[in-house]
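Written below as structure tokens is the structure these notes are about.
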Amino acid sequence: MKKKLLSVFLCAAMAASLLVGCGNAASTGSESTGSAGGSGGKVGVAMPTKDLQRWNQDGANMEQQLKAAGYDVDLQYASNDIATQVSQIENMISSGAQVLVIASIDGDSLGTVLAQAKEQGIKVIAYDRLIMNSDAVTYYATFDNYMVGTKQGEYIRDQLDLDNAAGPFNLECFTGDPGDNNARFFYGGAMDVLKPYIDAGKLVVKSGQVEFDQVATANWSTENAQSRMDAIISANYADGTKIDAVLCSNDSTALGVTNSLEANYTAEWPIITGQDCDVANVKNMIAGKQSMSIFKDTRTLASKTVEMVDAIMKGSDAPVNDTKTYDNGTGIIPSYLCEPVFADANNYKQLLIDSGYYTEDQLK
Ligand code: BGC
């Protein structure tokens, strides 16, 4: 009986959430899904943007799993605008959230608002991206970001058979937003694999751009990656010189690189890496335009985060499996690192369709 009442309440609350969501979006100009849920306490979930498919999935999975666990959920998207995210978090604090789950836009911009949260005893879980220089962060739930990078680097190493083939091979590199701490881990992991081959002359970066700041992509934007690739091609590959591989830290940058190659490049198609298994990129993988993407099952990350929320609400310790890697400037943040895997044209069906992540139709 109690269960039945709860589910009736949840349904009503979900319907209410849609209405509240529309209201908020209109009045603040931000992307919002509003608040609703159960009775076990209130959780604020702050996501960076709806522009990238993965954050929509993260938000939806978090909301669904938190509600199923009996919590009220206030899920907000901030259109990649830092001030919007700060004010959304302020609202979550003033409306009684007990736990905040935050995927930051800029890891360094939340210190002040999170100091308020700490003062009020609100716990903070950094979701996917580490929040820097704030002692208000209790836990970090993410995928193993360094491993994402090493897997991308290893994919290029293995596909080009760098240990045996004569080479040299041409490589270009793209990573993400400098304000996202993850970007340094992704790029660092990939470079730990590839740099020895660059130093040995087996891999050649004709643009000369290998330092993090040179290969970073503001906002992880497809357009920014595309215009940088346009410039690289016109300066180095316009005469038909082959590019053997393009290291892209994620799918939005891979899409920009692919668009640029389609418009400007005439030689044999390179190996292109990615991350997130966004629908557009999986379609490109099937069509032979992107070689691989790292698959980070957002359902797994959401369920680990819900376990953390649950533990906090019950006053116990949350499950963590890493207590040495992620120092946010105030000390090590106890972390749970989920394991990423790589998807390509050979295994995507098993990973993405058989697991129920996508339907076959979504990838047509
Ligand atoms: C996430 C990636 C994502 C990127 C751009 C990173 O912090 O870990 O999965 O592709 O942000 O949104």
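Values below: all heavy atoms of this structure, side chains included; hydrogens, waters and symmetry mates excluded. Just so you know, ligand 1 is whichever comes first in the structure, and atom 1 is the first atom listed for that ligand.
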* Structure fact -> If we number the atoms of ligand 1 from 1 as shown, the ones under 4.0 Å from a heavy atom of D128 are 1 (C), 6 (C), 7 (O), 8 (O)

* Would you kindly check if the NZ (Lys) or CZ (Arg) of R228 is within the cone defined by 45 degrees around the ring axis of F174 and under 6.0 Å from the six-membered ring centre? => yes

* **Within reach of ligand 1, part of F186 (heavy-atom separation under 4.0 Å)** => side chain

* What residue and heavy atom of the protein are closest to atom 4 (C) of ligand 1, and at what distance? -> W220 CE2, 3.6 Å

* Contact atoms of ligand 1, heavy-atom distance to N182 under 4.0 Å -> 6 (C), 7 (O), 8 (O)

* Taking the six-membered ring of F212 (Phe, Tyr or Trp), confirm whether the NZ or CZ of R184 is under 6.0 Å from its centre and within 45° of its axis. => yes

* Asked: Does NZ or CZ of K202 come closer than 6.0 Å to the centre of the six-membered ring of Y197, within 45° of the ring's axis?
  -> no

* With the side chain counted from C-beta on, respond yes when N281 and D276 share a heavy-atom pair under 4.5 Å apart, and no when they do not. => no

* Numbering the atoms of ligand 1 from 1, which are under 4.0 Å from a heavy atom of D180? -> 6 (C), 7 (O), 11 (O)

* Which residue and heavy atom of the protein sit nearest atom 10 (O) of ligand 1, plus the separation -> D276 OD2, 2.5 Å

* Is there a path of hydrophobic side-chain contacts, each under 4.5 Å between heavy atoms of I, L, V, M, F, W or Y residues, that connects F342 with L171? -> yes

* Quick one: which ligand 1 atoms are inside 4.0 Å of a heavy atom on L52? -> 5 (C), 12 (O)

* Asked: For atom 11 (O) of ligand 1, which candidate among R129, Q53, K296 holds the nearest heavy atom?
  -> R129

* **N145-ligand 1 polar pair, N/O distance under 3.5 Å** => no

* To do: Give the numbers and elements of all ligand 1 atoms closer than 4.0 Å to a heavy atom of Q275.
  => 9 (O)

* Structure fact -> Under 4.0 Å between heavy atoms, the region of W55 that gets near ligand 1 turns out to be side chain

* To do: Carefully, step by step, assess Y139 and Y336 under the rule side-chain contact (heavy atoms from CB on, under 4.5 Å).
  => CA-CA 8 Å; Y139 293 113; Y336 193 95; over 6 Å; no

* **Under 3.5 Å: donor-acceptor pair, side chain of Q214, backbone of V210** => yes

* Is the closest side-chain heavy-atom distance between L130 and N182 below 4.5 Å? -> no

